[in-house]
Amino acid sequence: MNVIYANEAQLGIVRALALETWPATFKDILSPEQIDYMLDWMYSAASLKDQYKGGIKFILAEENDDYFGFAAYEFNYKNEAKTKIHKIYIHPKSQGKGVGRILINFIAEEAKKHRNNTLTLNVNRYNKATGFYEKLGFKTMYSEDIDIGNGYLMEDFVMDKGL
């Protein structure tokens, strides 16, 4: 399994993975309307391009031109020595096979090179991935509700892991 940086032309792969992953991930947590709203908000071609041009790093888990998952992150989040993992999603067919661990380990190594000593992420409070993050050493710091418009909230835990 290789981890590669996605270039701007590969953002369509990120979008395709999100469109396949999100409904399976959130079907028991969010309404279909909220899933559609959030996919458009965060994963439209224009939104991904803006994130990419704004300095967010996108990586892909790849093997033999098949893509298993992606992540997006940012160094020095809020001018602190933290790397924020904005997104990490593994295709349902690949979950439980170590892809998420590979992506997080890659981000951790890159964070250390940039003298960041903490990984931080938000995860929906009802997402079973919270257990996965805990196994990797993340700790819940607090919970927050984020108004994302259209009457929707992101009900998240903020989790950190020291490096």
Side-chain angles (χ1 to χ4, degrees), residues 1-6 10-11 13-44 47-48 51 56-63 66-75 77-78 80 82-112 116-148 152-163:
M1 178 87 43
N2 301 307
V3 176
I4 60 170
Y5 279 99
Q10 292 171 309
L11 294 176
I13 296 167
V14 171
R15 178 171 163 70
L17 284 166
L19 292 175
E20 292 181 27
T21 303
W22 264 62
T25 301
F26 293 109
K27 69 181 179 346
D28 297 328
I29 301 171
L30 305 175
S31 69
E33 295 80 16
Q34 184 169 351
I35 292 170
D36 289 345
Y37 176 83
M38 292 179 74
L39 280 170
D40 184 58
W41 173 49
M42 291 188 281
Y43 294 99
S44 68
S47 176
L48 287 170
Q51 293 169 60
I56 302 296
K57 311 278 186 222
F58 287 86
I59 56 175
L60 294 160
E62 175 273 336
E63 191 171 73
D66 196 8
Y67 297 94
F68 301 93
F70 70 92
Y73 62 95
E74 170 184 7
F75 299 120
Y77 182 66
K78 293 187 176 180
E80 295 180 32
K82 288 186 172 190
T83 294
K84 170 77 174 203
I85 301 173
H86 289 285
K87 310 169 189 323
I88 181 166
Y89 289 98
I90 310 306
H91 194 281
K93 72 179 182 191
S94 302
Q95 290 179 0
K97 297 180 179 175
V99 178
R101 180 182 301 272
I102 289 168
L103 290 172
I104 287 178
N105 287 343
F106 180 90
I107 295 168
E109 290 306 310
E110 292 298 296
K112 289 177 194 174
N116 283 198
N117 56 24
T118 304
L119 296 181
T120 188
L121 57 80
N122 282 47
V123 60
N124 182 289
R125 290 193 289 263
Y126 308 103
N127 189 331
K128 64 183 179 184
T130 55
F132 166 73
Y133 296 128
E134 288 168 348
K135 284 181 188 174
L136 292 181
F138 283 86
K139 302 220 180 312
T140 300
M141 307 309 289
Y142 56 93
S143 62
E144 66 181 355
D145 293 337
I146 304 166
D147 184 342
I148 58 170
Y152 298 124
L153 286 178
M154 290 194 318
E155 299 170 307
D156 289 353
F157 287 134
V158 175
M159 302 182 81
D160 284 3
K161 174 184 175 158
L163 298 175

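Atoms considered below: every heavy atom in the structure, side chains included; atoms not considered: hydrogens, waters and symmetry mates.
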Would you say the side chain of T118 lies within less than 4.5 Å of the side chain of T83, judging by non-hydrogen atoms?
no
All N/O donor-acceptor pairs, side-chain side in residues 156-163, below 3.5 Å, sequence neighbours left out:
unit_1, atom_1, unit_2, atom_2, d
D156, OD2, N122, ND2, 3.3
D160, OD1, T120, OG1, 2.6
D160, OD2, K82, NZ, 3.2
K161, NZ, L136, O, 2.6

Spacing of OG1 belonging to T25 relative to CG belonging to N124, to within rounding of 0.5 Å:
10.5 Å
Any donor-acceptor pair under 3.5 Å linking the side chain of T21 with the backbone of L17?
yes
Output, in order, the C-alpha distance, side-chain angles, deciding distance and verdict of side-chain contact (heavy atoms from CB on, under 4.5 Å) for S143 and E155.
CA-CA 7 Å; S143 62; E155 299 170 307; over 6 Å; no
Could you work out, with side chain to side chain contact (heavy atoms under 4.5 Å, CB included) as the rule, every residue matching D66, not counting sequence neighbours?
F68, K93
Would you compute the distance between atom CH2 of W22 and atom CG of D36 and round it to the nearest 0.5 angstrom?
10.5 Å
Can you name the one residue among E110, Q10, K57 that meets side-chain hydrogen bond (donor to acceptor under 3.5 Å, both in side chains) with Y5?
E110
Heavy-atom distance under 4.5 Å between the side chains of I102 and N105, does that happen here?
no
Note, L153 side chain near I146 side chain (heavy atom, < 4.5 Å)
no
Measure the spacing between CD of E63 and OG of S94 and express it to the nearest 0.5 Å.
10.0 Å
Separation of E74 CD from I85 CD1 (nearest 0.5 Å):
12.0 Å
Is there a side-chain contact between L19 and L39 (heavy atoms, below 4.5 Å)?
yes
Would you indicate whether the side-chain heavy atoms of K87 and Q51 approach each other to under 4.5 Å?
yes
Any donor-acceptor N/O pair, Y37 side chain to I148 backbone, under 3.5 Å:
yes
Verify side-chain contact (heavy atoms from CB on, under 4.5 Å) between M154 and M38, making sure each step is shown before the conclusion.
CA-CA 10 Å; M154 290 194 318; M38 292 179 74; 3.5 Å; yes
Can you see which heavy atom on Y152 is nearest to which on D147, and at what distance?
O-OD1, 3.6 Å
Which value, rounded to the nearest 0.5 Å, describes the distance between W41 atom CH2 and Q34 atom CD?
9.5 Å
Write down the atom of V99, the atom of I90, and the distance for their closest heavy-atom approach.
CG1-CD1, 3.6 Å
Assess the pair F75 and Y73: is the distance between their ring centroids shorter than 6.0 Å?
yes
Quick check: does any side chain N or O of E20 sit under 3.5 Å from a backbone N or O of H91, one acting as donor and the other as acceptor?
no
Could you check if a side-chain atom of I4 sits within less than 4.5 angstrom of a side-chain atom of Y67, using non-hydrogen atoms only?
yes
Do V3 and L60 pass the side-chain contact (heavy atoms from CB on, under 4.5 Å) test, and can you show the C-alpha distance, the side-chain angles, and the key distance before you say yes or no?
CA-CA 6 Å; V3 176; L60 294 160; over 6 Å; no
Step by step, would you call L48 with F58 a side-chain contact (heavy atoms from CB on, under 4.5 Å)?
CA-CA 10 Å; L48 287 170; F58 287 86; 3.8 Å; yes
For a quick test of reading the model, state the closest non-hydrogen atom pair linking P23 to A18 and the distance between them.
CD-O, 4.0 Å
Given 3.5 Å as the limit, does a donor-acceptor pair link the side chain of T130 with the main chain of N127, or not?
yes
Please report the interatomic distance CG(L121) to CE(M141), rounded to the nearest 0.5 Å.
11.5 Å
Are the side chains of V123 and Y133 in touch, meaning some heavy atoms are under 4.5 Å apart?
yes
Under the ring pair (Phe, Tyr, Trp, His ring centres under 6.0 Å) rule, collect the residues that match up with Y126, sequence neighbours excluded.
none
I'd like to check N116 versus K84 (side-chain heavy atoms, cut-off strictly below 4.5 Å). Are they in contact?
no
Provide the closest heavy-atom pair for L119 versus A111 in the form atom of the first, atom of the second, distance.
CD2-CB, 4.1 Å
Between F132 and G100, which heavy-atom pair has the shortest distance, and what is it?
CZ-C, 3.7 Å
